[in-house]
Asker: 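Have a look at this one before I ask anything.
Keep in mind the model is a prediction, meaning the values are calculated, not measured. Naming: A, B, ... by sequence-line order, numbering from 1 per chain.
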2 protein chains.
Amino acid sequence: MGYSIGQVAKKTGLSVHTLRYYEKEGLLPFIRKTSSGLRVFSDDDINWLGMIECLKATGMPLKGIKQYIDWYHQGDSTLSQRLAMFRQQEQNIKTKMQELNTNLAKIQYKIRLYDAAVKQGSLSQVQQEPEFRAARLRLFGH
Amino acid sequence: MGYSIGQVAKKTGLSVHTLRYYEKEGLLPFIRKTSSGLRVFSDDDINWLGMIECLKATGMPLKGIKQYIDWYHQGDSTLSQRLAMFRQQEQNIKTKMQELNTNLAKIQYKIRLYDAAVKQGSLSQVQQEPEFRAARLRLFGH
DNA sequence: CTAAAACCTAGAGTATACTCTAAGTCAAGG
DNA sequence: CCTTGACTTAGAGTATACTCTAGGTTTTAG
């Protein structure tokens, strides 16, 4: 039920430096310490690190994550702020996914283009082919 | 057919500072300059900025983008490197999209949870409900 | 012709998120 | 008991990508 910082680093893939940094930034205000000063992580703390990872991976800066954790600590009076934050984050993710989709199509055009170019040994000729010109116009607007 | 740096900044949404920074970093080795030193951007240059934006938005660092531009300048001898780069980038995008999907499900769980919590005025009770416990176990593993 | 706006370079400063170092303390195995 | 490895803090250093400043030049509109 209690993990050292090194064990948590192995479990999560974060470095011990990063874990201490997160605590210093206020992202881990839960962590207990032994009388001699060693951090003791609980399973709950590791779950929190999972939530931090989720928010980080979806583009939230550490300050935003800290805000959430602070709200959490303030109890039920901040429920609506936290709900609003998650709604905003949902929107951010959806926007980012659409952007990735659009850009994936562009990259896949480039793959088709370069695949043909590698086969022919030349890019400039392939680019002139009607099929590629049409796709380029549709995807890049030129 | 020729744009000033300020016009390009408006067109692209990038700042003039950023455009000069990109040139300094080797991302815009095409840009012509007038005899008095002013940058003159062509439509082609603006298309390049579009490609830079695409790569940047899909997580490629400026160094990687510069590598691509350098390869482009070296001509058809680097076609296969460029193809490999785009294939790698396609994979990066797909991985990122899967990650976003997984994390979107977690955020949407939180929205449902907090929506119910706001209605009841308490988080701790809602968290105990079987429906939410089951979803939490499925999505977060605890 | 002049004043204001836009441009130039070189270099310093900022924000974010780590990442590492130094100097020391603590804990577990032989 | 003692060594080795893991831990501690405080603070410095790094990487990335801007962002801004100072001091000066060029362009453009009246």
Asker: Nearest heavy atom decides the nucleotide; on that basis, is A:Q7 or B:T18 closer to the 5' end of DNA chain D?
Answerer: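 Closest to the 5' end, via its nearest nucleotide, is A:Q7.
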
Asker: Please work out if A:S4 contacts a base, only the sugar-phosphate, or nothing of the nucleic acid, heavy-atom cut-off 4.0 Å.
Answerer: sugar-phosphate

Asker: Rounded to whole Å, please give me the gap between NZ in A:K24 and P in D:dT8.
Answerer: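 The answer, rounded to whole Å, is 13 Å.
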
Asker: Is it the case that the side chains of A:Q89 and B:Q108 hold a donor-acceptor pair, with the cut-off being a distance below 3.5 Å and no angle test?
Answerer: no

Asker: Under 3.5 Å, is there a donor-acceptor pair between the B:R133 and B:Q128 side chains?
Answerer: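 The answer is yes; a qualifying pair exists.
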
Asker: Are A:Y3 and A:D45 linked by a side-chain donor-acceptor pair shorter than 3.5 Å?
Answerer: no

Asker: With a 4.5 Å heavy-atom cut-off, do B:N92 and B:T58 have their side chains touching?
Answerer: no

Asker: In residues 43-61 of chain B, which ones come under 4.0 Å of DNA chain D, going by heavy atoms?
Answerer: B:K56, B:P61

Asker: Give a yes/no answer on whether the side chain of A:R39 brings an N or O atom under 4.0 Å of OP1 or OP2 in D:dT9.
Answerer: yes

Asker: Parallel, tilted or perpendicular for A:F30 and A:H73, by the 30°/60° rule?
Answerer: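 Tilted: the ring planes of A:F30 and A:H73 meet at 30° to 60°.
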
Asker: If you find the nucleotide of DNA chain D closest to B:L62 and the one closest to B:S36, which residue's nucleotide is nearer the 5' end?
Answerer: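 With B:L62 and B:S36 compared, the 5'-side residue is B:L62.
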
Asker: Given D:dC7, D:dT21, D:dT27, which nucleotide is nearest the side-chain atoms of A:R20?
Answerer: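 Ranking D:dC7, D:dT21, D:dT27 by closest atom to the A:R20 side chain puts D:dC7 first.
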
Asker: Taking only residues at least two apart or on different chains, which pairs with a member in residues 117-137 of chain A satisfy ring pair (Phe, Tyr, Trp, His ring centres under 6.0 Å)?
Answerer: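 Qualifying pairs: none.
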
Asker: Taking the nucleotide of DNA chain C with the nearest heavy atom to each, does B:E23 or A:Y21 sit closer to the 5' end?
Answerer: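 Final value for this comparison: B:E23.
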
Asker: Quick check for you: name the first and last nucleotides of DNA chain C, 5' to 3', having an atom under 4.0 Å from a heavy atom of chain B.
Answerer: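 So the outermost contacting nucleotides come out as C:dC7 to C:dT9.
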
Asker: Once rounded to the nearest 0.5 Å, what's the spacing between atom CH2 of A:W48 and atom OH of A:Y22?
Answerer: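 Spacing of CH2 (A:W48) from OH (A:Y22) equals 14.5 Å.
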
Asker: Check B:E25 with B:K66, please: is the shortest side-chain N to carboxylate O separation under 4.0 Å?
Answerer: no

